[in-house]
Amino acid sequence: MSRLDSMLRRLSAQRDGLNWAAAQIAGKPGEVLDMGLGNGRTYDHLREILPDRRIRVMDRVLACHPSCTPPDEDFLQGEAEAMLIRLADEGARIVLAHYDFGRGIKEDDVAEAARLSPLIARVLAPDALLVSGQPLVGFEQISGPDTIAKDRYLFYRA
Ligand SMILES: C[S@@+](CC[C@H](N)C(=O)[O-])C[C@H]1O[C@@H](n2cnc3c(N)ncnc32)[C@H](O)[C@@H]1O
């Protein structure tokens with residue numbers, strides 16, 4: 001498969017997964033967390049499909065498209081580890097988290113996701129949903145929407 005095809009499949013899995021998860025949390029209290037602001041695409045999508053939720057977003061750099069700049073109070077700028085600890089210390093209760101950290105080097109990305117998993121667990125509400133591009137550790141893996149091939153994008157319940 002070409003890298004273009006692979007990227008297109010990844011992006012549509014990401015969108016379908018987020019849409020599916022947004023529907024699952026309807027009526028449940030809690031905030032949303034997007035790990036990896038990047039260009040701001042998934043953050044922008046989340047705020048479009050969940051206009052009434054507070055959406056926290058994390059990244060070590062602010063380098064998104066200007067139209068996707070989050071409000072200062074919702075942007076956690078810094079290394080994930082420190083930012084997750086800060087969020088946990090604030091008593092955050094995240095009902096939906098999206099994990100999109102990574103540089104595209106599989107081995108490093110998988111190791112980072114495993115290392116961050118216990119810290120992610122600390123910010124989640126009971127029964128929270130996790131949508132992730134990388135395998136996370138210590139959560140119950142569940143099936144996502146039928147449109148997404150197994151293991152293309154991953155879904156977990158806290
Ligand atoms: C794949 S991009 C995110 C793409 C974004 N969700 C979008 O839709 O545009 C990954 C982002 O995660 C950030 N990142 C990766 N590891 C990180 C870490 N340990 N702490 C903070 N930010 C990190 C990078 O700076 C990068 O902007």
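In this chain, residues are counted from 1 in sequence order. All of these numbers come straight from a predicted model, not from anything done at the bench. Indexing begins at 1, ligand by ligand and atom by atom, following the structure's order. Only this structure's heavy atoms are used, side chains among them; waters, hydrogens and symmetry mates stay out.
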Looking at R103 and D109, is there a salt bridge between them, counting it only when a charged N and a carboxylate O are closer than 4.0 Å?
no
Less than 4.0 Å is my threshold; does some heavy atom of L116 fall inside it relative to ligand 1?
no
Of all residues at least two apart in sequence or in a different chain, which pass the side chain to side chain donor-acceptor pair (under 3.5 Å) check with Y99?
none
D100 with R41: basic N within carboxylate O range, under 4.0 Å
no
Atoms of ligand 1 under 4.0 Å from any heavy atom of G102, numbered from 1 in the order shown, are 10 (C), 15 (C)
Evaluate D100 for polar contact with ligand 1, using N/O atom pairs at a separation under 3.5 Å.
yes
Quick one: CG on L50 to CG on L96, what's the gap to the nearest 0.5 Å?
6.5 Å
Salt bridge flag under 4.0 Å for residues D34 and R56
no
Please test Y153 against Q14 for side chain to side chain donor-acceptor pair (under 3.5 Å), starting from the C-alpha separation and ending with a verdict.
CA-CA 7 Å; Y153 227 68; Q14 205 170 49; 3.0 Å; yes
Compute the minimum heavy-atom distance from G78 to ligand 1 and say whether it is under 4.0 Å.
yes
With nothing but distance in play, are any N or O atoms of R41 less than 3.5 Å from an N or O of ligand 1?
yes
E112 touching ligand 1 at heavy-atom level, < 4.0 angstrom:
yes
Option from L124, L33, L129, I25 for which side-chain contact (heavy atoms from CB on, under 4.5 Å) with V95 holds:
I25
Going by atom types only, do D44 and H65 share a side-chain donor-acceptor pair under 3.5 Å?
no
N/O to N/O below 3.5 Å, does that happen between A80 and ligand 1?
yes
Element-labelled atoms of ligand 1 that are located less than 4.0 Å from some non-hydrogen atom of G40
7 (C), 9 (O)
To check your reading of the model: name the closest protein heavy atom to atom 8 (O) of ligand 1, its residue, and the distance in Å.
T42 N, 3.0 Å
In terms of side-chain geometry, is the basic nitrogen of E31 or R93 positioned less than 4.0 Å from the acidic oxygen of its partner?
no
When you measure from atom 18 (C) of ligand 1 to each heavy atom in R15, E81, R60, which option holds the nearest one?
R60
Quick check: G36 and ligand 1, any N/O pair under 3.5 Å apart?
yes
How far is atom 14 (N) of ligand 1 from its nearest protein heavy atom, and which residue and atom name does that atom have?
F101 CD2, 3.4 Å
Can you name the residues that form a side chain to side chain donor-acceptor pair (under 3.5 Å) with D127, not counting sequence neighbours?
none
Taking atom 25 (O) of ligand 1 as the reference point, the nearest protein heavy atom with its distance
D59 OD1, 2.6 Å
Need the ligand 1 atom indices (1-based, order shown) with element for anything under 4.0 Å from a heavy-atom of E79.
18 (C), 19 (N), 20 (N)
Per-atom filter on ligand 1: closer than 4.0 angstrom to a heavy atom of L37 are 5 (C), 7 (C), 9 (O)
Subset of ligand 1 atoms that lie under 4.0 Å from at least one heavy atom of N39:
9 (O)
